[in-house]
Amino acid sequence: MGRGPSIEARKNAVDARRGKIFTKVIREISVAARAGGGDPAGNPRLRSAIDKGLAVNMTKDVIERAIKKATGELEGIEYEEIRYEGYAAGGVAVIVDCLTDNKVRTVADVRHAFGKHGGNLGTDGSVAFMFRKLGVLSYGAGADEDAITNAAIEAGADDVVVYPEDGAIDVLTAPESFDAVKAAMDAAGVPPELAEVTLRADNDTAVQGETAEQVQKLLDWLADLDDVQAVYSNAEMPD
């Protein structure tokens, strides 16, 4: 019987993954603070980025240092927001949001990922029209459907989606209403497990077998790149 990876190897892998998550959150905090100021009370994007940091156990000192670097109180790196669009295997649409200090490196990495996994990088707008921006407040399996639905209606949410296979629930809202709806759900005693403004496809593209494996490998590869903040697709994967 083969042995699994050692405790040290597993710990190193976890630490590396945690480091990547921290890197992505710090970049988001930096860009949000530079664009809208260092006060989260008046900067919803920064407030959301800080929440992400706290959710992954980032210390307040690290968060404050990132804000100070972004607002010029400390010397820091300036990141640029770039979006890439393309197609994965099977005609699956993919959007890749990046924060980078080196566009040449980033586009090379993204293009290589698409090419390596049977896809191709497209032009601006080639797939963006297939997606819409919305706020999503997610609740796990076994959530209290009645309490969440009633609170969502009272909060002014656009829709409540219940997934019959496990009882998970998504509360959907317009991006501009996201903060108010989230605050109202928190106040009603039904805080979401995950809350974010994201992109969702209007229609999914089903993929199976080797094509589905190729698509998943591309999405995982892209998400693991340091310069990539978020990856969206309209892939419908097999169960």
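A side-chain donor-acceptor contact under 3.5 Å links Asp158 to the backbone of Ala174. Under a 3.5 Å cut-off, the side chain of Glu85 and the backbone N or O of Gly125 do form a donor-acceptor pair. Between the Glu28 side chain and the Ala49 main chain, no donor and acceptor come within less than 3.5 Å of each other. Not one N or O on the side chain of Lys52 forms a donor-acceptor pair closer than 3.5 Å with the backbone of Lys24.
For the atom pair CG (Asn203) and CZ (Phe131), the distance works out to 10.5 Å, reported to the nearest 0.5 Å. Note that OG1 of Thr205 and CG of Asn234 are 3.5 Å apart. Values are rounded to the nearest 0.5 Å. Note that the CG atom of Asp61 and the CD atom of Glu64 stand 6.0 Å from one another [nearest 0.5 Å]. From Asp226, atom CG reaches atom CG of Asn102 across 12.5 Å, with rounding to the nearest 0.5 Å. If you take NE2 on His117 and CD on Gln214, they are separated by 8.0 Å, rounding to the nearest 0.5 Å. Note that CD1 of Ile95 and CG of Leu222 are 12.5 Å apart. Values are rounded to the nearest 0.5 Å.
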Audit row: Tyr87, Asn120, side-chain contact (heavy atoms from CB on, under 4.5 Å) steps and yes/no = CA-CA 5 Å; Tyr87 285 95; Asn120 61 279; 4.0 Å; yes

Chi angles and distances behind the side-chain contact (heavy atoms from CB on, under 4.5 Å) call for Val107, Leu121 = CA-CA 9 Å; Val107 70; Leu121 201 56; 4.2 Å; yes

List the steps and the verdict of side-chain contact (heavy atoms from CB on, under 4.5 Å) for Glu78 and Asp101.
-> CA-CA 6 Å; Glu78 187 164 345; Asp101 60 343; over 6 Å; no

Determine, step by step, whether Ile26 and Lys69 satisfy the side-chain contact (heavy atoms from CB on, under 4.5 Å) criterion, reporting the C-alpha distance in whole Å, the side-chain angles of both residues, the deciding distance to 0.1 Å, and the verdict.
-> CA-CA 10 Å; Ile26 286 173; Lys69 285 182 177 180; over 6 Å; no

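Under the 4.5 Å side-chain heavy-atom criterion for grouping Ile, Leu, Val, Met, Phe, Trp and Tyr, Val96 is connected to Leu219 within one hydrophobic cluster. Residues Tyr232 and Val215 fall into different hydrophobic clusters, defined by Ile, Leu, Val, Met, Phe, Trp and Tyr side chains chained together at heavy-atom separations under 4.5 Å. One hydrophobic cluster holds both Leu134 and Tyr163 under the rule that ILVMFWY side chains link at heavy-atom gaps under 4.5 Å. Val104 and Val110 are not part of a single hydrophobic cluster, where members link through side-chain heavy atoms under 4.5 Å apart. Two different hydrophobic clusters hold Leu54 and Leu194 under the rule that ILVMFWY side chains link at heavy-atom gaps under 4.5 Å.
Applying the 4.5 Å side-chain rule to ILVMFWY residues, one finds Leu137, Tyr139, Ile148, Val160, Val162, Ile169, Phe178, Val181, Met185, Val190, Val197 in the same cluster as Val171.
Annotation for Pro40 and Leu46: closest pair N-CD2, 3.9 Å, computed over non-hydrogen atoms. Nearest heavy atoms, Ala113 versus Leu218: O-CD1, 3.3 Å. For the pair Phe22 and Val56, the tightest heavy-atom approach, listed with the atom from each and the gap, is CE1-O, 3.3 Å. Residues Thr106 and Tyr84 come closest through the heavy atom pair CG2-CE1, 3.9 Å. Considering all non-hydrogen atoms of both residues, Val127 and Gly86 come closest at CG1-O, 3.7 Å. The minimum heavy-atom distance between Ala66 and Ser30, with the atom names listed, is O-OG, 4.0 Å.
The local environment of CD in Glu176 is crowded, with over 12 non-hydrogen atoms from other residues, nucleotides or ligands closer than 6.0 Å. No more than 12 heavy atoms of other residues, nucleotides or ligands shown are found within 6.0 angstrom of CD on Glu75.
The residues Asp227 and Arg27 are annotated as salt-bridged, a charged nitrogen and a carboxylate oxygen being separated by less than 4.0 angstrom. Using a 4.0 Å cut-off between charged nitrogen and carboxylate oxygen, Asp51 and Arg47 do not count as a salt-bridge pair.
No side-chain heavy atom of Asp97 sits under 4.5 Å from any side-chain heavy atom of Glu81. Side-chain contact between Gln229 and Val31: absent, with no pair of heavy atoms (C-beta onward) separated by less than 4.5 Å.
Partner Ile67 forms a side-chain contact (heavy atoms from CB on, under 4.5 Å) with one of Asp39, Ile29, Val62 and no other, that one being Ile29.
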